Amino acid sequence: MLQRAVAAAGITSPLRFPLLPAPHHHLRSARQFYFRQHPPSSAHALLPPAPGFALPTAPPFASSAAGRCRPAHSISASAASAGEFMAESAAGAAAAGAGGAGVAMEVEVKLRLPNKEAHARVAELLAASHRVTHQQENVFFDGANGELSRNRIVLRLRFYNNDAKCVVTVKGKTVMADGIGRSTEEEEDIDPTFGRACVKDPSLLQSASTPLLSSLPNRFSCPEYVCLGGFRNTRGVFEWRGNTIELDETQFAFGTQYEIECETSQPEKLKAELGVFLQEHSVPFSNSSSTKFGIFRAGKLPEY
């Protein structure tokens with residue numbers, strides 16, 4: 001099935017991120033309809049591609065007032081407490097038909113660094129505990145009529161280190177408050193070649209046989225997909241006091257953001273410890289106010 005899908009997409013060799021051909025008629029119609037519903041902003045562009053590769057256009061969501069799409073990070077601050085968030089997320093997962101199977105709750109500390117110098121200083125301080133550095137390419141999708149965004153669902157394919165690995169992630173109902181992000185999360189690995197084929201031809205997502213991807217059309221009434229584009233991220237992974245620290249340099253078309261992330265079951269405690277560590281070494285930082293996907297869709301970096 002994979003070979004037929006790849007052949008149907010016209011892929012004969014590994015692709016670089018993200019490549020879109022001149023689309024087939026049905027793909028062009030779906031993309032044109034989506035972009036009419038979600039008009040592009042002149043301020044929003046994608047990261048310039050590597051030589052010889054083309055990136056798809058990714059307009060920002062229409063405003064929530066228009067009743068069409070909302071960014072995944074736009075939940076009101078009143079829902080930011082962990083208890084309210086868990087209740088809302090569980091209800092949303094059940095309504096979507098997920099039934100809770102395979103759905104995890106991701107809780108992360110997210111601290112923004114103001115510049116490259118601060119990023120380099122943190123890398124220097126943690127150098128002795130460096131484990132690995134990943135080159136990531138993140139590509140996002142929505143339904144042709146905004147079905148995923150209406151449900152505050154983020155569908156992402158993440159490619160690692162020149163297609164050594166590809167991970168599908170479905171995130172929902174993300175809440176960012178005081179430098180702590182909470183969201184539901186489901187993940188599965190897929191063949192990177194098939195992942196590249198889906199970037200080129202998003203309709204292949206509908207026929208995917210993997211458990212997570214095959215569940216999405218019925219859960220979210222999503223008959224067609226469009227590719228929104230994406231961004232690149234260099235992630236250094238470090239061990240620090242029993243925690244896995246991720247140090248990110250994220251390249252958007254409109255600028256570069258530097259950030260520390262750490263998944264934890266005790267976010268308030270870890271955030272306080274990280275804050276003391278950074279202050280002791282005179283590293284400036286602030287609470288992250290948005291997810292990377294939210295920044296990508298906004299088309300600009302948040303003010304520091």
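Bear in mind that the values here come from a model prediction, so they are computed numbers and not experimental data.
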Do the side-chain N and O atoms of T234 and Q135 include a donor-acceptor pair separated by under 3.5 angstrom? yes

What I'd like to find out is whether the side chain of K165 reaches to under 4.5 Å of the side chain of D189, using heavy atoms alone. yes

May I have the step-by-step check of side chain to side chain contact (heavy atoms under 4.5 Å, CB included) for F141 and L228, ending in yes or no? CA-CA 5 Å; F141 299 83; L228 304 178; 5.6 Å; no

Within the side chain of D163, is there an N or O that forms a donor-acceptor pair under 3.5 Å with the backbone of F159? no

Hey, mind stepping through E263 and V107 against side chain to side chain contact (heavy atoms under 4.5 Å, CB included) and telling me if it holds? CA-CA 6 Å; E263 190 169 347; V107 182; 5.8 Å; no

Those residues that, when tested against S221, pass side-chain hydrogen bond (donor to acceptor under 3.5 Å, both in side chains) (two or more places apart): none

Less than 3.5 Å apart, any donor N or O on the side chain of R112 or S288 sitting next to an acceptor on the other? no

Going by side-chain heavy atoms closer than 4.5 Å, which hydrophobic residues are tied to L274, directly or by a chain of links? V109, L111, L113, V122, L125, L126, F238, W240, I245, L247, Y258, I260, L270, F277, L278, V283, F285

Considering all heavy atoms, the nearest A208-S214 contact: O-CB, 3.3 Å

Do any pairs count as a salt bridge (Lys or Arg N to Asp or Glu O under 4.0 Å) and have a residue in residues 276-290, sequence neighbours left out, and if so which ones? none

What is the minimum heavy-atom distance between S183 and T174, and which atoms define it? CB-OG1, 3.4 Å

Grouping ILVMFWY residues whenever side-chain heavy atoms fall under 4.5 Å, the cluster of V237 otherwise contains V132

Over all atoms of both residues, closest heavy-atom pair of L148 and G143: CG-N, 4.0 Å

Hydrophobic cluster of V167, others only, ordered by chain and residue number, side-chain cut-off 4.5 Å: Y160

Side chains of V139 and C227 in contact at under 4.5 Å (non-hydrogen atoms): yes

Across all chains, not counting sequence neighbours, the side chain to side chain contact (heavy atoms under 4.5 Å, CB included) partners of P114 are A118, P284, Y304

Sequence neighbours excluded, which residues qualify as salt bridge (charged side-chain N to carboxylate O under 4.0 Å, His left out) partners of E117? none

Okay, side chain of N151, backbone of I153: is any donor-acceptor separation there less than 3.5 Å? no

Can you tell me if T291 uses its side chain to pair, donor with acceptor, with the backbone of G294 under 3.5 Å? yes

Using a 3.5 Å distance criterion without hydrogens, assess whether the side chain of N243 forms a donor-acceptor pair with backbone atoms of R241. yes

Could you give the distance from CG (L205) to SG (C198), rounded to the nearest 0.5 Å? 4.0 Å

Could you tell me whether D178 atom CG has more than 12 heavy atoms of other residues or ligands within 6.0 Å of it? no

Work out which heavy atom in A144 is nearest to a heavy atom in V226; give both atom names and the distance. CA-CG1, 4.1 Å

Check E137 against R196 and note the closest heavy-atom contact, atom names and distance. OE1-NH2, 2.6 Å

Judged by modelled atom types alone, do T210 and E188 share a side-chain donor-acceptor pair under 3.5 Å? yes

Under the salt bridge (charged side-chain N to carboxylate O under 4.0 Å, His left out) test, which residues partner E273, sequence neighbours left out? K269

Where the side chain of R131 meets the backbone of G236, is there a donor-acceptor pair that is under 3.5 Å apart? no

Once you round to the nearest 0.5 Å, how far does CD of E147 lie from CG of N145? 4.5 Å

Yes or no on side chain to side chain donor-acceptor pair (under 3.5 Å) for K110 and N287, after CA distance, side-chain angles and deciding distance? CA-CA 7 Å; K110 298 169 71 72; N287 293 333; over 6 Å; no

Please list, chain by chain and in numerical order, all residues satisfying side-chain hydrogen bond (donor to acceptor under 3.5 Å, both in side chains) with N115, sequence neighbours excluded. none

Any side-chain heavy-atom pair from T184 and E106 closer than 4.5 angstrom? no

For S203, does its backbone N or O pair with a side-chain atom of D201 as donor and acceptor, under 3.5 Å? yes

Measuring from S207:OG to F194:CZ, what's the distance to the nearest 0.5 Å? 5.5 Å

Could you give the distance from CD (E185) to CD (E108), rounded to the nearest 0.5 Å? 7.5 Å

Do E187 and R158 meet the salt-bridge criterion of a basic N to acidic O distance under 4.0 Å? no

Residue list, side chain to side chain contact (heavy atoms under 4.5 Å, CB included) with E124, at least two apart or on another chain: R121

Aromatic ring centroids of F231 and F293 under 6.0 Å? no

Using the test salt bridge (charged side-chain N to carboxylate O under 4.0 Å, His left out), find all partners of E268 that sit at least two apart in sequence or belong to another chain. R182

Distance-minimising heavy-atom pair for C166 and P192: CB-CA, 3.7 Å

Looking only at side-chain N and O atoms, does E259 offer a donor or acceptor that is under 3.5 Å from a partner on T250? no

Are the aromatic rings of F296 and F252 close, with centres under 6.0 Å apart? no

Pair K292-N138, side-chain donor/acceptor within less than 3.5 Å: no

Roughly how far, to the nearest 0.5 Å, is OG1 of T169 from CG of L157? 8.5 Å

Approximate separation, where rounding is to 0.5 Å, of K300 NZ and F254 CZ: 10.5 Å

E186 bridged to R219 by N-O distance under 4.0 Å: yes

Quick one: are Q136 and N161 in side-chain contact, heavy atoms under 4.5 Å? no

Measure the shortest side-chain to side-chain distance between P302 and Q257 over non-hydrogen atoms and say whether it is less than 4.5 angstrom. yes

Residue set satisfying salt bridge (charged side-chain N to carboxylate O under 4.0 Å, His left out) with R235, at least two apart, ordered chain then number -> E246, D248, E261

